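Data first, discussion second: the structure below is written as structure tokens.
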Amino acid sequence: MRIEPYLFFEGCAEQAAHFYQATLGAEIVALLRYSEAPDPSICPVDDPDKVMHMNLRIGDSVVMGSDGNCSGETRFQGFALTLNAKDVNQAEKLFGLLAEGGQVQMPLEETFFSPAFGMLADRFGVPWMIHVES
């Protein structure tokens, strides 16, 4: 058994998938549009090219997502995706890439539990914690 997060990007899922592909080396395993559904009436949005479901492999993990209801307002609250970097250099690189266009909540720095730990929300509002194990 394993837990895989499912994120509702509210209209920008495809852009997020390409961003994670460029920044984290994510592999887009699946990207299904509403227009590909056998029953077009299940499309809750006006744009049938929006993402009904996607599956991204990031390292050994899978993150799933969709455009949700395309409200344009993402509300990622009460959780964070944690990215465990192999060393401080990798943590610095990933933190910088994810923070671009986003908001740093805690700068990447040495803590009592890690040689590098920081928190941010990326340009899509997804909260991340970057961590190097001591």
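Only heavy atoms go into these numbers, but all of them, side chains included; no hydrogens, no water, no symmetry mates. Since the model is a prediction, treat every value here as computed from it, not as a measurement.
A single hydrophobic cluster is not seen to contain both L83 and L97; linkage of ILVMFWY side chains at heavy-atom distances under 4.5 Å, directly or through other members, places them apart. There is a path of hydrophobic side-chain contacts, each under 4.5 Å, that joins M119 to F112. Under the 4.5 Å side-chain heavy-atom criterion for grouping Ile, Leu, Val, Met, Phe, Trp and Tyr, L94 is not connected to M129 through any hydrophobic cluster. Grouping the Ile, Leu, Val, Met, Phe, Trp and Tyr side chains by contacts below 4.5 angstrom, directly or via other members, places F124 apart from M64. Tracing side-chain contacts under 4.5 Å through hydrophobic residues (I, L, V, M, F, W, Y), one never reaches V62 starting from V126; they form parts of separate clusters.
With sequence neighbours excluded, no residue forms a salt bridge (charged side-chain N to carboxylate O under 4.0 Å, His left out) with E10.
No side-chain heavy atom of V88 sits less than 4.5 Å from a side-chain heavy atom of E110. With a 4.5 Å cut-off on side-chain heavy atoms, F79 and P5 do not count as touching. Counting heavy atoms from C-beta outward, T23 and D122 have side chains that stay 4.5 Å or more apart. Two residues are said to be in side-chain contact when any heavy atoms from C-beta on lie closer than 4.5 Å; H53 and Y6 meet this criterion. Side-chain contact check for T82 versus W128: every heavy-atom pair is 4.5 Å or farther apart.
Classification of the F117-F113 ring pair by plane angle, with boundaries at 30° and 60°, yields perpendicular.
Counting only distance, with no hydrogens or angles, the side chain of R33 and the backbone of D49 share a donor-acceptor pair below 3.5 Å. A donor-acceptor pair under 3.5 Å is formed between the side chain of D87 and the backbone N or O of Q90.
Nearest heavy-atom pair, S134 versus P115, reported as atom, atom and distance to 0.1 Å: CA-CD, 3.9 Å. Pairing each heavy atom of A17 with each of M54, the nearest pair is CB-SD, 3.7 Å. In terms of heavy atoms, V51 sits closest to G65 at CG1-O, 4.4 Å. Shown here for F9 and A16, the closest heavy-atom pair between the two residues is CE2-CB, 3.5 Å. Nearest heavy-atom pair across L108 and F95 is N-CZ, 3.8 Å. Considering every non-hydrogen atom in both F19 and L98, the closest pair reads CE2-CD2, 4.0 Å.
Remark: S61 OG to I3 CD1 distance equals 12.0 Å, nearest 0.5 Å. Atom CG of N55 is separated from atom CD of E4 by 7.0 Å, given to the nearest 0.5 angstrom. Interatomic distance, CE of M52 versus OG of S35, reported as 8.5 Å (0.5 Å rounding). If you take CG on L24 and CD on E27, they are separated by 13.5 Å, rounding to the nearest 0.5 Å. The CD atom of Q15 sits 10.5 Å away from the CZ atom of R123 when rounded to the nearest 0.5 Å.
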Intermediate values then yes/no, side-chain contact (heavy atoms from CB on, under 4.5 Å), V29 and L56: CA-CA 6 Å; V29 178; L56 307 174; over 6 Å; no

Criterion side-chain contact (heavy atoms from CB on, under 4.5 Å) on S114 and H131, from CA distance to verdict: CA-CA 7 Å; S114 172; H131 175 260; 3.9 Å; yes

Criterion side-chain contact (heavy atoms from CB on, under 4.5 Å) on L7 and L81, from CA distance to verdict: CA-CA 11 Å; L7 306 176; L81 299 180; 4.1 Å; yes

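V132 forms part of no hydrophobic cluster, judged by ILVMFWY side-chain heavy-atom separations under 4.5 Å.
Within a 6.0 Å sphere centred on CD of E100, other residues, nucleotides and ligands contribute 12 heavy atoms or fewer. For D60, the CG atom is loosely surrounded, since the number of other residues' heavy atoms within 6.0 Å does not exceed 12.
Side-chain contact check for D47 and Y34: no donor-acceptor pair (N or O, by modelled atom type) lies under 3.5 Å.
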